[in-house]
There are 2 protein chains.
Amino acid sequence: MTDDQLSQVFSALADPTRRDIVARLAVRDATVNELAEPYDVSVQAVSKHIRVLEDAGLVSRTRDAQRRPCHLEAEVFDLMTKWIERYRREAEERFRRLDVVLEQLKDEASEDGTTQEGQAS
Amino acid sequence: MTDDQLSQVFSALADPTRRDIVARLAVRDATVNELAEPYDVSVQAVSKHIRVLEDAGLVSRTRDAQRRPCHLEAEVFDLMTKWIERYRREAEERFRRLDVVLEQLKDEASEDGTTQEGQAS
DNA sequence: ACGGTTGTCAACCCGATGGTTGAATACCGT
DNA sequence: ACGGTATTCAACCATCGGGTTGACAACCGT
């Protein structure tokens, strides 16, 4: 369900320009032109970037005459954070458990001389 | 400094297969063949995926004879989490502040009949 | 009604990416 | 030394993604 969205979000944030846009939108809402100004690419390019962020659900837009103010959506970040935290926690726990395994390995190594870095199953 | 790495990490996790690999590595270390088994793509393709994860610093590999066990690295997740959390917090705070602005707008609207969704600067 | 501003659409270019297959490398076991 | 296993390298192909430019649409201000 959210798997595809997750891909879109990660993919959207993989681009430095788009991350910068997110950073600036975190401070205040802005129009396409305002956002485009600091970069030396065309407005069209920035428009595309914003489209990507919008499709990923990171940005929403309202209408103000011919302007399209962009607004950062916080919820989607939760989605990512949850995903990341899940595996970070598991990985860290495994890392902690590793201490025990290492002790064991050290014992076995001193038995048969296996000084290598191998972590046999 | 870490900007490029951040791009690599996000980009690496934008692929569902790679996210799945990460998920599985969170449970236990695994070799390329083990990782490749469930997917119906070639082992070479999976090897490439792992390369991407490795370059992004998400995975490290040891050597066990001809095998290359993959291990999930937790630290890089922190990098991402920090980045995300920063903007999520800012965005949420702005969201909270928005309540005040909305009140103001409502007042202004009842004055001059601007019933639109506009959030003028 | 007209000119200027804001933004998008369309077509195109090019480099990156994910996939393939086939050959090469590295190591084990016997 | 040899065959089998695990993995990577190399060449190739199709698609995607970010960039461009040029035209179009929508809207304001006067």
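Throughout, protein chains are lettered first and strands after them, A, B, ... in sequence-line order, and every chain is numbered starting at 1.
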Engineer: Is A/E92 salt-bridged to A/R88, going by a charged N under 4.0 Å from an acidic O?
Structural biologist: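 Here A/E92 pairs with A/R88 in a salt bridge, since their nearest N and O are under 4.0 Å apart.
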Engineer: In whole angstroms, how far is the P atom of D/dA26 from the CZ atom of A/R68?
Structural biologist: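 Taking CZ of A/R68 and P of D/dA26, I get 12 Å after rounding.
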Engineer: State which residue, out of B/V76, B/V22, B/L79, B/I84, fulfils the side-chain contact (heavy atoms from CB on, under 4.5 Å) condition with A/I84.
Structural biologist: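 Going through B/V76, B/V22, B/L79, B/I84 one by one, the side-chain contact (heavy atoms from CB on, under 4.5 Å) with A/I84 is satisfied by B/I84 alone.
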Engineer: Expressed in angstrom and rounded to an integer, what is the separation of A/D55 atom CG from D/dG18 atom P?
Structural biologist: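 My rounded result for the distance is 12 Å.
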Engineer: In the structure I gave you, are the side-chain heavy atoms of B/L58 and B/L13 within less than 4.5 Å of one another anywhere?
Structural biologist: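 B/L58 reaches B/L13 side chain to side chain.
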Engineer: Grab the CZ-C1' distance between B/R51 and C/dG19 for me, whole Å please.
Structural biologist: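 So the CZ-C1' distance, B/R51 to C/dG19, works out to 17 Å.
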Engineer: Determine whether the side chains of A/R68 and A/S47 contain a donor N or O and an acceptor N or O closer than 3.5 Å.
Structural biologist: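 No - no donor-acceptor pair under 3.5 Å links their side chains.
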Engineer: So do the side chains of B/D55 and B/Q8 get within less than 4.5 Å of each other, counting heavy atoms only?
Structural biologist: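 Of all side-chain heavy-atom pairs linking B/Q8 with B/D55, at least one is under 4.5 Å.
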Engineer: Just call it for B/T31: base, sugar-phosphate, or nothing, with non-hydrogen atoms closer than 4.0 Å on any strand.
Structural biologist: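 Sugar-phosphate contact only.
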Engineer: In whole angstroms, how far is the P atom of D/dC16 from the CZ atom of A/F10?
Structural biologist: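 That distance rounds to 22 Å.
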Engineer: Should the ring pair A/F10 and B/F10 be called parallel, tilted or perpendicular, given that the plane angle runs from 0 to 90° and is split at 30 and 60?
Structural biologist: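 Rings of A/F10 and B/F10: tilted, 30 to 60°.
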Engineer: If the cut-off is 4.0 Å, is A/R18 near the phosphate of D/dG17, judged by side-chain N/O to OP1 or OP2?
Structural biologist: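 Answer no for this pair, as no side-chain N or O of A/R18 is under 4.0 Å from OP1 or OP2.
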Engineer: Below 3.5 Å, does any donor atom in the side chain of B/K48 face an acceptor in the base of C/dG19, or the other way round?
Structural biologist: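 Checked by distance alone, the answer is yes.
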Engineer: Please tell me which of B/V43 and A/S42 maps to the more 5' nucleotide of DNA chain D, matching each residue to the nucleotide holding its nearest heavy atom.
Structural biologist: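 That would be B/V43.
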Engineer: Counting only side-chain nitrogens and oxygens, does A/H49 get under 4.0 Å of the OP1 or OP2 atom of D/dG17?
Structural biologist: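 For D/dG17, neither OP1 nor OP2 has a side-chain N or O of A/H49 closer than 4.0 Å.
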Engineer: Quick test: give all pairs of protein nitrogen or oxygen and nucleotides 28-30 of chain D nitrogen or oxygen below 3.5 Å, distance rounded to 0.1 Å.
Structural biologist:
from	atom 1	to	atom 2	distance (Å)
D/dC28	O4'	A/Q66	NE2	3.4

Engineer: Please determine whether a side-chain nitrogen or oxygen atom of B/S47 lies at a distance below 4.0 Å from atom OP1 or OP2 of D/dT8.
Structural biologist: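 Yes, such a contact exists.
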Engineer: In a check of side-chain hydrogen bond (donor to acceptor under 3.5 Å, both in side chains) between B/S60 and each of B/H71, B/E73, B/E54, which one passes?
Structural biologist: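 Of the listed options, the one satisfying the test is B/E73.
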Engineer: Given atom CD of B/E54 and atom P of D/dT7, what is their separation to the nearest angstrom?
Structural biologist: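 Roughly 13 Å, once rounded to whole Å.
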Engineer: Within the structure, does a side-chain N or O atom of B/R63 lie under 4.0 Å from either OP1 or OP2 of D/dT8?
Structural biologist: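 No, B/R63 has no side-chain N/O under 4.0 Å of OP1/OP2 on D/dT8.
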Engineer: In whole angstrom, give the distance that lies between atom CG of B/D15 and atom C1' of C/dT17.
Structural biologist: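 Distance check: B/D15 CG to C/dT17 C1' gives 10 Å.
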Engineer: Please report, rounded to the nearest Å, how far the P atom of C/dT8 is from the CD1 atom of A/I50.
Structural biologist: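 Taking atom P of C/dT8 as the reference, CD1 of A/I50 is at 7 Å.
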Engineer: What is the distance, rounded to the nearest whole Å, between atom CG of A/D40 and atom P of D/dT21?
Structural biologist: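 Rounded to whole Å, this separation is 11 Å.
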Engineer: Looking at A/N33, I'd like to know whether one of its side-chain N or O atoms comes within less than 4.0 Å of OP1 or OP2 on C/dG7.
Structural biologist: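 It does, given that an N or O in the side chain of A/N33 lies less than 4.0 Å from OP1 or OP2 of C/dG7.
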Engineer: Can you figure out which of C/dC9, C/dG22, D/dG18 approaches the side chain of B/Q44 most closely?
Structural biologist: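 In terms of side-chain proximity for B/Q44, the closest of C/dC9, C/dG22, D/dG18 is C/dG22.
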